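Here the structure is a predicted model, which means the values were calculated and not measured. Every number for a ligand or one of its atoms is a count from 1 in the order of the listing.
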Amino acid sequence: MVTCYDASFASVISRTDVDCLLVGDSLGMVVQGHSSTLPVTMDEIIYHTKAVKRGAPGKYLIADLPFLSYQTSLIDGIQSAGRLLKETNADAVKLEGADKESITLVKRLVEIGIPVMGHLGLTPQSYQTLGGYKVQGKDPESAEKMLKDSLALQDAGAFGIVLEMIPETLGQEISQNISIPTIGIGAGRYTDGQVLVIYDLLGINPDFTPKFLKKYADLGNLILTSLNSYHKEVVDKNFPGENNVF
Ligand code: KIV
């Protein structure tokens, strides 16, 4: 799974073997330039999800429920999730956490016919109460709680769970103890699948180098040198060339 936010990237991804696209609220950081995902709105997620669906109509598409679109009440959660599916034609929604209210919401959404993916570990919408963007589940109590939360999400009907920034041993334990797929980001080698933010795996930002990330390209530098070549050729009157004119 990779994240995706626009039709051009979606169109490239639609020609790859990648199984699944996530319109993550990470767009608040990598597209909008915020320092967290909290400012992202429902309208913005809907806007980006529609664009991705147009670019990759055949890929399985999950859209994030943004901060405060589902935490305020059961009704708000149902309306937000329903709106996401109705307006974007996404296949499923993802929500963070597994408190009592979230589990009730997951159950109800699944009953209504809305597929739900859970998200445990470092849940970025709660980064302030988690003490920042830190590895979660390091002590036995929080590890035990995360395993219980995973089982509760499974029992509520979630079809899969993203596990973010947890010890590899915990990622493995959870994956072995639940029957729905786990998709890891910084959760080690033993989850059923992996997810990365597309700009991160393509190396757009040379300064972003967390341990869990592997960069499969150096697009940031490629874009930089390409733009400087373009600029130089325009200044030197080498572009447009003979082949580019009417
Ligand atoms: O918002 C997001 O992109 C995510 C992934 C990193 C899992 O939740």
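- Taking atom 4 (C) of ligand 1 as the reference point, the nearest protein heavy-atom neighbour is Leu22 CD2, 3.6 Å.
- Set against the non-hydrogen atoms of Asp64, the atoms of ligand 1 under 4.0 Å away are 1 (O), 2 (C), 8 (O).
- Of all the heavy atoms of Ile185, the ones lying under 4.0 Å from any atom of ligand 1 belong exclusively to the side chain.
- Summarising the geometry, atom OH belonging to Tyr190 is positioned 14.0 Å from atom CD belonging to Glu173; distances are rounded to the nearest 0.5 Å.
- Between His48 and Tyr5, the two ring planes are perpendicular [angle over 60°; tilted spans 30° to 60°].
- Between Phe208 and Tyr199, the distance separating the two ring centers is not shorter than 6.0 angstrom.
- For Thr3, every heavy-atom contact with ligand 1 shorter than 4.0 Å involves the side chain, none the backbone.
- Residue contacts with ligand 1 include Lys94, since one or more of its heavy atoms lies under 4.0 Å from the ligand.
- Close contacts of ligand 1 with Gly24, meaning ligand atoms under 4.0 Å from a residue heavy atom, involve 1 (O), 2 (C), 3 (O).
- For the pair Tyr5 and ligand 1, the shortest N or O to N or O distance does not fall below 3.5 Å.
- Annotation: the span from Ile180 atom CD1 to Met117 atom CE amounts to 8.0 Å, rounded to 0.5 Å.
- Within 6.0 Å of OH on Tyr230 lie no more than 12 heavy atoms contributed by other residues, nucleotides or ligands.
- Atom NE2 of His231 has 12 or fewer heavy atoms from other residues, nucleotides or ligands within 6.0 Å.
- Using a 4.0 Å cut-off between charged side-chain N and carboxylate O, Lys148 and Asp155 make no salt bridge.
- Every atom of ligand 1 with a heavy atom of His119 under 4.0 Å away is listed here by number and element: 8 (O).
- Of the protein's heavy atoms, Ser26 OG, 3.3 Å lies nearest to atom 2 (C) of ligand 1.
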